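What follows is one structure encoded as structure tokens, with my remarks underneath.
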Amino acid sequence: MHRSILSSNPDSAPYCRWRDAKLAAQPARPEQFLIDIADPLKLTADERKSLQYPLQHYRFVIFRTRKPAAVDKNTLRELGLQFGLTTLDGNLCADDDQISSLRVFDHGRGNAYIPYSNKPLSWHTDGYYNPASQRIHSLILYCVQDAAEGGDNQIMDHEMAYIQLREHKPLLASALEQPDALTIPANIENGEQIRSATVGPVFFLSPQDGQLYMRYSARERNIVWKDDPLVREAVKELKKMMHPDNPYVYQYRLKPGEGLLSANILHRRLGFADTDAQQRLMFRARYFEALKLAES
Ligand SMILES: [Fe+2]
């Protein structure tokens, strides 16, 4: 991307070209998201090519490994490395190796955070509360064990959300490009500040790869939207768009051995139920680097 596609560029030609190419590449069938890989430790040239297309055009892909029993956190780390992903963001609840094991926690700090419960998780991009220097550009979510019931993900390419919003009303896209559109207040736990407040845009072009990314959470607590009527209208419109009726919202339930590799697209998780015999376990790896894709 050589010229900015954002609405701040008075020349809208780059945006129109990008939008038209993007819409033309949208999948005819959701199965186009699902790519089989034999060994995540070492992708073949063909597998790499198959993964590349959806990553480029939909900003995510679902991979299916043939030998799930052989996949551990190290396998995922190696898979990430093949896309230039080297620096993991270990958040407060990540395991010592910086990759989180998402499952229902009964004790400890995890208990206070919805990802570590069986509750539904509303629409968001990962690390929306991170400072600008630590934006999450890429995300791997891998299913070790699915829940006895529920736990599906809904996903939406944030680039499609941007296009839909801008086509609906260009001023709404501009409103969410403002550098102070969304503030996440400081995180204070037991009187101690463990993260300072972060202020930033919702939609932005990353200096890393020039691509569009999104900071977003549909949560209502601990989220401060800019006091601006256009921002309020845009947020309302986004909420309407992130609905299963939208043809660009996909629902998928990852099965053991399957994973989502993405440019930190919009996603949410439905609630789920575990049984003694079957307990949901996902590995999650968040990276500061953007996916390195071959030029095509
Ligand atoms: Fe997430």
Side-chain angles (χ1 to χ4, degrees), residues 33 55 58-63 73 76 79-80 83 85 87-95 98-105 109-131 134-147 150-161 182 184 187 195 198 200 202-203 206 212-223 238-239 241-242 244 248-254 258-272 280-291:
F33 301 139
L55 285 174
Y58 323 140
R59 310 304 279 139
F60 74 93
V61 67
I62 292 165
F63 60 88
K73 289 183 177 178
L76 296 184
L79 177 66
F83 287 94
L85 308 179
T87 320
L88 285 155
D89 179 20
N91 68 347
L92 296 172
C93 301
D95 301 340
Q98 313 284 290
I99 295 183
S100 302
S101 301
L102 300 181
R103 61 175 161 226
V104 177
F105 265 87
R109 192 200 286 274
N111 204 25
Y113 289 87
I114 297 173
Y116 299 88
S117 75
N118 62 354
K119 294 193 180 86
L121 207 55
S122 58
W123 285 100
H124 65 282
T125 56
D126 273 41
Y128 59 86
Y129 37 75
N130 281 15
Q134 297 182 335
R135 297 262 188 256
I136 301 299
H137 286 77
S138 312
L139 172 71
I140 301 178
L141 200 59
Y142 177 79
C143 176
V144 180
Q145 178 63 64
D146 55 343
D152 303 40
N153 284 106
Q154 287 176 352
I155 48 187
M156 183 181 190
D157 175 356
H158 56 273
E159 294 184 351
M160 290 308 307
L182 173 59
I184 312 300
N187 185 3
R195 182 183 40 69
T198 54
V202 173
F203 291 110
S206 169
L212 186 72
Y213 289 86
M214 188 177 187
R215 274 175 86 230
Y216 179 76
S217 169
R219 292 183 73 174
E220 283 168 15
R221 276 180 55 218
N222 300 326
I223 294 281
L238 277 181
K239 275 200 176 141
M241 277 162 36
M242 287 174 223
Y248 298 109
V249 169
Y250 299 97
Q251 182 160 328
Y252 193 80
R253 179 171 167 168
L254 292 170
E258 293 180 350
L260 174 79
L261 171 62
S262 92
N264 197 10
I265 59 164
L266 283 163
H267 56 285
R268 70 176 295 229
R269 179 190 77 197
L270 305 185
F272 64 90
R280 190 179 193 268
L281 172 61
M282 301 274 164
F283 290 152
R284 181 188 60 198
R286 293 165 158 167
Y287 295 94
F288 296 131
E289 288 88 13
L291 289 158

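None of these values were measured; they are calculated from a predicted model. In each ligand, atom 1 is the first atom listed, and ligand 1 is the first ligand listed.
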_Flag for H137-S206: side-chain donor and acceptor within less than 3.5 Å_ = yes

*For R219, what residues pass the salt bridge (Lys or Arg N to Asp or Glu O under 4.0 Å) criterion, not counting sequence neighbours?*
none

*What are the two closest heavy atoms between V202 and L182, and how far apart are they?*
CG2-CB, 4.2 Å

*Protein N/O/S neighbour count - the Fe ion (ligand 1), strictly under 2.8 Å*: 3

*Is the NZ atom of K239 crowded by more than 12 outside heavy atoms at less than 6.0 Å?*
yes

*Measure the acute angle between the ring planes of Y142 and F63, then classify it against the limits of 30° and 60° as parallel, tilted or perpendicular.*
parallel

_Donor-acceptor under 3.5 Å (T87 side chain, F288 main chain)_ = no

